[in-house]
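What follows is a single structure, written as structure tokens, with notes after it.
These numbers come from a predicted model, not from an experiment. The figures here come from the full heavy-atom set of this structure, side chains too, leaving out hydrogens, waters and symmetry mates.
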Amino acid sequence: MANDASTVFDLVILGGGSGGYAAALRGAQLGLDVALIEKNKVGGTCLHVGCIPTKALLHAGEIADQARESEQFGVKATFEGIDMPAVQKYKDEVISGLYKGLQGLIASRKVTYIEGEGRLSSPTSVDVNGQRVQGRHVLLATGSVPKSLPGLDIDGDRIISSDHALKLDRVPKSAIVLGGGVIGVEFASAWKSFGTDVTIVEGLKHLVPVEDENSSKLLERAFRKRGIKFNLGTFFEKAEYTQDGVKVTLADGKEFEAEILLVAIGRGPVSQGLGYEEAGVAMDRGYVLVDEYMRTNVPTISAVGDLVPTLQLAHVGFAEGILVAERLAGLKVVPIDYDGVPRVTYCHPEVASVGISEAKAKEIYGADKVVALKYNLAGNGKSKILKTAGEIKLVQVKDGAVVGVHMVGDRMGEQVGEAQLIYNWEALPAEVAQLIHAHPTQNEALGEAHLALAGKPLHSHD
């Protein structure tokens, strides 16, 4: 391995996804000499096979639904079907534009970008393309890949992962989605909008099981209304090929058949064979272990993003990468409050939340110290105009701050910004109630919910 000892970077980053490139951009901005190593394309999962393409598909599905349902708004439109190659072209154009912009950003910040498959070779170096890249500090940001189950082979044809689902050149007639978490319900929602007969199989007792139970129940009600089928509370047993599709058998013997099976049981860290253990990095089940400042047990190595056991969200990766860059540049940094991170599931209707669930609040503070309020979107003018149903649920410590905001309804992801401020600034309901929210907006529903929680409801009953 050739060793170019003439250049020692301040920071060598292995992985150019959300966490890696955020650290590179912020580090370079703060005067660090940064090398960024990525084997595929900068932008990682989020930009190329995650957040961005899935939301493009969901938006195409939303347009299809609007065309089908236009007459209820007095607009006569006809829906002639989904042109999947054209949908893929639209999706790819969105990705391409963002990718070019990101490449330009990295070049403008004078980050040394190295394309190639890197491997940690010591606590202060990464080997890539036959060269040894030396750094005073190394950041591991190698991300994640779709997971499967023992005995369940993803073939990319009938049994597929989310990566394959994003490249389908057709609309499947029927699909089984294994997993009712974020990835599963988003694909189920998009495919239903495209005309697929969808069944979700979730081993736990609710869809989006990490959300407040009220949000899960509201989503289940909405999915039933849309004709999205789901089976809850029984785990997967096996999958086998049929003459023209796949048959899934559950632990209770129940069987489902469809054209394709999407395995959407989550994502696992990319860490095998990359030299982490050899360098002495502490790991657990493939995840790299870090403290609240993203430091590993090796003083010269940090890790961020899906590689560490924190929330697998692109914006968490951004925040963790920025934290590492600022810490290495000598700035004072504050650990991330992961409860304060906004979480959005972009199905139809959307599920958005910040803070903790009512059940978790009762665990922490005691059942008699927790107040919960539900504000129905039926009382919100803009939601009525959009013909969306749902609720905003607030969880408050009695006579104290709001510790949870849980929202279900179309466009709720756009309301999560204010919800984030309410939680993170430990706002009292009376303080939010003082703020004037524009009418008619869906954002107004947040204000109305806090008015009600403060004891002075306007467009809602006591």
Between the side chains of [X] and [Y], does any donor sit under 3.5 Å from an acceptor?
X	Y	answer
H348	E62	no
E358	N214	no
T242	R158	no

What are the two closest heavy atoms between V304 and A141, and how far apart are they?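 It is CG2-CB, 3.8 Å.
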Heavy-atom closest pair (I392 atom, L446 atom, distance to 0.1 Å) is CD1-N, 3.7 Å
Would you indicate whether [X], at its atom [atom1], is surrounded by more than 12 heavy atoms from other residues, nucleotides or ligands within a distance under 6.0 Å?
X	atom1	value
Q103	CD	yes
K229	NZ	yes
K39	NZ	no
R170	CZ	yes
E414	CD	no
E426	CD	no

When K217, K393, K360 are each screened for side-chain hydrogen bond (donor to acceptor under 3.5 Å, both in side chains) with D212, the one that passes is K393
Worksheet item: Are R26 and E326 close enough for a salt bridge, meaning some N to O gap below 4.0 Å?
Response: yes
* Asked: Do NZ/NE/NH1/NH2 and the carboxylate oxygens of D65 and R68 come within less than 4.0 Å?
  -> yes
